[in-house]
Number of protein chains: 2
Amino acid sequence: MTQNKLPALSPSETEILRLVWQLDKATVQDVCDKLPAKRKIAYATVQTLLRRLEKKGYVKHNINGKAHVFFPAVKREHVIKRSVGDFLDRLFGGDPVPLMQYLAEHDKISAEDIEKLKRLTGEK
Amino acid sequence: MTQNKLPALSPSETEILRLVWQLDKATVQDVCDKLPAKRKIAYATVQTLLRRLEKKGYVKHNINGKAHVFFPAVKREHVIKRSVGDFLDRLFGGDPVPLMQYLAEHDKISAEDIEKLKRLTGEK
DNA sequence: TGACGACTTGTACAAATGTACGATATAATG
DNA sequence: CATTATATCGTACATTTGTACAAGTCGTCA
């Protein structure tokens, strides 16, 4: 079983953590580079966020020469579960259907996507 | 067009706002009563949250005798759009498919739900 | 091996957030 | 009309969050 009492993630921390997962292993610089053009955060800020993420137990780091190389310390799956759960509770009182509906109605999800999903749940 | 530059909602504010929508019109007390058993917040805290929500423009209130009766000042649809968008960006880099997948894989969504959704998008 | 640069660390700080006490105002009741 | 029960309001305050400067450290290149 995965550790369950991790401190909550702030929005910005979540953003950074996502990039660390995406990169698998990343220096502060790597994360900065990977930031979406729309959401530019200063190097120093990313640093702080990574530091806090580490203190909270979401990432760890190795030292490669001068650089710190951060990597995830928790399963993505696990964090997603919590985050989605919280989000659902806050905005929809825990009911996932309206969220699906929203996604479906806004062309964020294509019919094919839903097909795929149907197959997934069906086979389960 | 709906007003677009509303200040961001904090998690707790979101929670309260959801209840106001649900109740349509609500006093502080009403909101307190409606709070999920798991998430009990003190009366005074709910008050503050409603005040802040009003200052930010998400709710307004009438006075009925001594009691303040709060009601939504923004379309639910509108807030949901923003919230879901932000959430998706933070946790999934904007891609909704993994979210659907998560929901589907965790029995949060039944096959019937997906059927319904499929019909929805199909008819669009 | 000494100077240069890339990185980290320590520290700071304003704003936002979560939470709530004490004082005040008011509807209702006897 | 005085009392009481109930609400609100102003205010407060510890944390968390977002953001970042300045100083220190450690490879590296000439």
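Naming: A, B, ... by sequence-line order, numbering from 1 per chain.
- A nucleotide of DNA chain C counts as in contact with chain B when one of its atoms lies under 4.0 Å from a heavy atom; the first and last such, 5' to 3', are C:dT17 to C:dA27.
- Side-chain N or O atoms of B:Tyr58 include one that pairs as donor or acceptor with a backbone N or O of B:Pro7 at under 3.5 Å.
- Formation of a donor-acceptor pair under 3.5 Å by the A:Lys60 side chain with backbone atoms of A:Phe71 is not found in this model.
- Applying the ring-ring contact (aromatic ring centres under 6.0 Å, His included) rule to B:His68 yields the partners B:His61; only residues at least two apart in sequence or on another chain are considered.
- Judged by closest nucleotide on DNA chain D, B:Phe70 is the one of A:Ala42 and B:Phe70 placed further toward the 5' end.
- Residues A:Phe70 and A:Leu17 form no side-chain contact, since every pair of their non-hydrogen atoms from C-beta on lies 4.5 Å or further apart.
- Looking at heavy-atom distances under 4.0 Å, B:Ser10 makes contact with sugar-phosphate atoms alone, never a base.
- Near-neighbour residues of DNA chain D inside residues 11-39 of chain B, defined by a heavy atom below 4.0 Å, number-ordered: B:Val28, B:Gln29.
- Looking at A:Arg39 and A:Glu15, a side-chain N of the basic residue comes within less than 4.0 Å of a carboxylate O on the acidic one, giving a salt bridge.
- A:Arg90 places no side-chain N or O within 3.5 Å of a backbone atom of B:Arg18 that could act as its donor or acceptor partner.
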Do any N or O atoms of the protein come closer than 3.5 Å to N or O atoms of nucleotides 9-12 of chain D, and which pairs are they?
unit_1: D:dC9; atom_1: OP1; unit_2: B:His68; atom_2: ND1; d: 3.4
unit_1: D:dC9; atom_1: OP1; unit_2: B:His68; atom_2: NE2; d: 2.9
unit_1: D:dC9; atom_1: N4; unit_2: B:Gln47; atom_2: NE2; d: 3.3
unit_1: D:dG10; atom_1: N7; unit_2: B:Arg51; atom_2: NH1; d: 3.2
unit_1: D:dT11; atom_1: O4; unit_2: B:Arg51; atom_2: NH1; d: 3.4

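- By the ring-ring contact (aromatic ring centres under 6.0 Å, His included) test, A:Phe92 pairs with no residue at all, sequence neighbours left out.
- Atom NZ in B:Lys66 sits roughly 16 Å away from atom P in D:dT4 (whole-Å rounding).
- Counting to the nearest Å, the C1' atom of D:dT8 and the CG atom of B:Leu49 are 15 Å from each other.
- One N or O on the side chain of A:Lys40 and one on the backbone of A:Leu35 form a donor-acceptor pair closer than 3.5 Å.
- Applying the side chain to side chain donor-acceptor pair (under 3.5 Å) test to B:Asp30 and every residue at least two apart in sequence or in another chain returns B:Thr27.
- For B:Lys34 (side chain) and B:Ile16 (main-chain N/O), no donor-acceptor pair under 3.5 Å exists by modelled atom type.
- Atoms CG (B:Leu50) and P (D:dA7) sit 14 Å apart, rounded to a whole Å.
- Between A:Lys56 and the phosphate of D:dT17, there is a side-chain N or O to OP1/OP2 separation shorter than 4.0 Å.
- Side-chain contact check for A:Leu99 versus B:Ile80: every heavy-atom pair is 4.5 Å or farther apart.
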